[in-house]
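Here is the structure we will look at.
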Amino acid sequence: MRLYNTLGREFAELRTRDEGKIGMYVCGATVQSAPHLGHGRSAVVFDVIRRYLEWLGFEVTYVRNVTDVDDKIIAAALDEGVSTDTIVERAYTAFDEAHRRLGVREPTVEPWATHHIDEMLELIGQLLDTGHAYAVGGDVYFSIRSYPAYGRLSRHDPSDLRSGARVDPDDRKKDPLDFALWKAAKPGEPSWDAPWGAGRPGWHIECSAMARKYLGVGFDIHAGGHDLIFPHHENEIAQSEAATGEPFANYWLHNGMMNLEGEKMSKSTGHVIDLLEALDIHRPTAVRLVYLRTHYRKPLDFSEGGLFDAEAALDRLWGFRRRTPEPVEDAPDEEMISRFQTAMDEDFDVAGGLGVLFDLVREGNRRLDDTEDAGALVAAYDEIVGVLGLGEETSDLEDLGLKIAEIAAKYGVPSGSIGDLLETRDRARSERNWAASDGIRDDLGSIGIVVEDAPDGSRWHRG
RNA sequence: GGCGACGUGGCCGAGUGGCCAGGCAAGGGUCUGCAAAACCCUCUACCCGGGUUCGAUUCCCGGCGUCGCCUCCA
């Protein structure tokens with residue numbers, strides 16, 4: 001398969017370091033505040049990439065870090081008069097909840113920055129020893145002049161950057177572009193002991209240290225948001241490669257930003273939609289589908305309308321699957337699978353893959369309408385939907401139990417189960433008792449259960 | 001100023017040098033006690049101007065427009 005490598009800005013055939021295995025590092029959350037829709041996109045998009053690679057047969061080690069020490073966290077704690085732990089815990093819980101509801105699979109490893117201070121100290125030590133870093137009054141900076149390839153990923157020329165008005169010069173730095181590997185401890189801030197003085201790590205060093213620990217040198221895929229290309233990923237590369245003299249990661253994948261009314265969603269500007277709130281209002285899978293309909297590298301403009309659109313599309317998918325009882329024994333339809341793979345093999349063209357899925361659904365529905373066998377198509381559906389994580393959530397009816405019992409009582413159905421209600425309704429229908437049959441359907445409809453009649457019997461699902 | 005992305009039918013959104021994306025919405029039809037679903041049909045687009053080509057939405061050049069990064073940010 002081919003993928004687009006930000007490093008070099010070109011499509012490249014995927015060649016793994018170790019045969020059949022893929023090491024993948026995704027820059028996860030800075031657990032500083034509640035996640036917004038943009039965070040969800042990144043999590044979902046790389047979740048699908050990971051699922052697809054596994055579906056191809058690779059053994060994927062998927063590492064997604066948690067940044068639990070940084071300026072913003074400290075600022076938030078100070079602001080609210082609580083500990084940084086409180087901020088971190090609250091935000092992490094929210095991210096975790098959002099991931100779960102979006103169907104994002106758990107990473108193989110989820111390393112926290114503060115649990116890897118030793119690894120960072122070791123890396124910083126190496127950089128100091130080899131002259132790639134220098135300590136000034138408790139701070140340690142990476143010297144970008146010691147790493148000639150600086151700017152290769154983001155295609156920035158250091159001299160252009162230097163002349164940029166936004167770089168704030170600091171007399172203690174040898175070069176205005178040098179960045180902090182270690183920040184000297186300040187009163188009231190979390191800090192750890194280090195040979196060059198107590199302090200806390202800079203932002204970039206954690207990813208270098210943790211990626212090296214869990215994936216080794218020259219691992220396969222490093223991913224994250226487009227906004228991380230510079231400076232975060234550029235700096236990761238510089239410090240990692242300066243320390244080891246070896247390539248850091250082979251393929252760099254970056255997801256496009258999420259826009260709101262044409263403008264980038266951003267925590268810092270408050271121009272955001274809270275992810276958990278969105279998931280309360282809409283079916284999580286519909287939110288997931290919104291993320292997946294646009295190619296992962298493109299900007300995605302969020303709109304309420306798009307979400308309703310996705311809900312309708314989902315109904316179409318699920319409506320097909322509901323027509324066939326659960327497990328299917330057949331082998332998946334080869335043509336559909338192969339078309340899906342062809343799309344996905346070209347830089348994860350999920351939108352193209354979805355096109356195949358909808359074609360499959362139309363053909364499957366057609367066959368079922370004509371009472372032909374659709375087993376192979378259903379099996380292919382399950383396979384594709386599994387890769388994309390778009391399966392219908394199995395919903396229990398616990399929350400509706402009381403209401404269902406009420407309706408059952410109203411129609412004299414003793415058990416209070418949906419199945420018995422529908423049986424009673426079937427009897428009413430065969431007796432042409434439309435008042436009762438429509439009444440049951442309407443009453444169930446009013447509590448969110450949709451009843452549909454088909455030639456081979458009635459089906460129900462949550463609306 | 002530097003680096004970069006994008007501009008497709010009512011909306012969303014893939015993709016391709018010559019032939020079909022797909023979804024949603026809309027209209028018509030089939031089926032049906034009604035409803036819903038499903039199926040069939042219709043709606044056939046590719047920012048503008050040049051160029052290359054037998055042929056360009058797709059390649060090249062120029063322009064216009066939108067957006068992103070260059071500062072913490074998925």
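Reckoned from all heavy atoms, side chains included, excluding hydrogens, waters and symmetry mates. Just so it is clear: chains get the letters A, B, ... in the order the sequence lines come, proteins before strands, and each one is counted from 1.
With rounding to whole Å, A:E10 atom CD is found 16 Å from B:G4 atom C1'.
Under the rule for a side-chain hydrogen bond (donor to acceptor under 3.5 Å, both in side chains), the partners of A:D443 that lie at least two apart in sequence or sit in another chain are A:K410, A:Y411. Considering only residues two or more places apart in sequence or on other chains, A:R366 meets the salt bridge (charged side-chain N to carboxylate O under 4.0 Å, His left out) condition with A:E363, A:D370, A:E372. Evaluation of the side-chain contact (heavy atoms from CB on, under 4.5 Å) rule for A:A249 yields A:F219, A:H222, A:W252 as partners, not counting sequence neighbours. For A:D369, the salt bridge (charged side-chain N to carboxylate O under 4.0 Å, His left out) partners two or more places apart in sequence, or in a different chain, are A:R323.
Contacts with RNA chain B (heavy atom under 4.0 Å) in residues 219-227 of chain A: A:G224, A:G225, A:H226, A:D227, listed by number. For the segment residues 22-32 of chain A, the set of residues with a heavy atom within less than 4.0 Å of an atom of RNA chain B comprises A:G28, A:T30, in numerical order.
Using a 30° and 60° split on the angle between ring planes, A:H204 and A:H232 fall in the tilted class, from 30° to 60°.
Within the structure, the side chain to side chain donor-acceptor pair (under 3.5 Å) test picks out the following pairs touching residues 83-92 of chain A (sequence neighbours left out): A:E80-A:R90, A:S83-A:T86, A:Y92-A:E110. Evaluation of the side chain to side chain donor-acceptor pair (under 3.5 Å) test over residues 39-53 of chain A, restricted to residues two or more places apart or in two chains, returns A:S42-A:N255, A:D47-A:R51, A:D47-A:R288, A:R50-A:E54, A:Y52-A:D345.
A salt bridge is absent between A:E392 and A:R321: the closest approach of a Lys/Arg side-chain nitrogen to an acidic carboxylate oxygen does not fall below 4.0 angstrom.
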Nucleic acid footprint by protein, nucleotides 24-33 of chain B - heavy-atom cut-off 4.0 Å, B for base, S for sugar-phosphate alone: S--------B
Could I get a table of every N or O pair under 3.5 Å where one atom is in the protein and the other is in nucleotides 16-21 of chain B?
none

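For the strand RNA chain B, secondary-structure stems (runs of at least three Watson-Crick or G-U pairs, all distances below 3.5 Å) span B:1-7 with B:64-70, B:10-12 with B:22-24, B:26-30 with B:38-42, B:47-51 with B:59-63.
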Under 3.5 Å, side-chain donor or acceptor atoms of residues 347-360 of chain A against the rest of the protein: list the pairs with distances, not counting sequence neighbours.
residue: A:D347; atom: OD1; partner: A:Y4; partner atom: N; Å: 3.0
residue: A:D347; atom: OD1; partner: A:Y296; partner atom: OH; Å: 2.9
residue: A:D347; atom: OD2; partner: A:H295; partner atom: NE2; Å: 3.3
residue: A:D347; atom: OD2; partner: A:R297; partner atom: NE; Å: 2.9
residue: A:D347; atom: OD2; partner: A:R297; partner atom: NH2; Å: 2.8
residue: A:D349; atom: OD1; partner: A:G352; partner atom: N; Å: 2.9
residue: A:D359; atom: OD2; partner: A:R339; partner atom: NH2; Å: 2.7

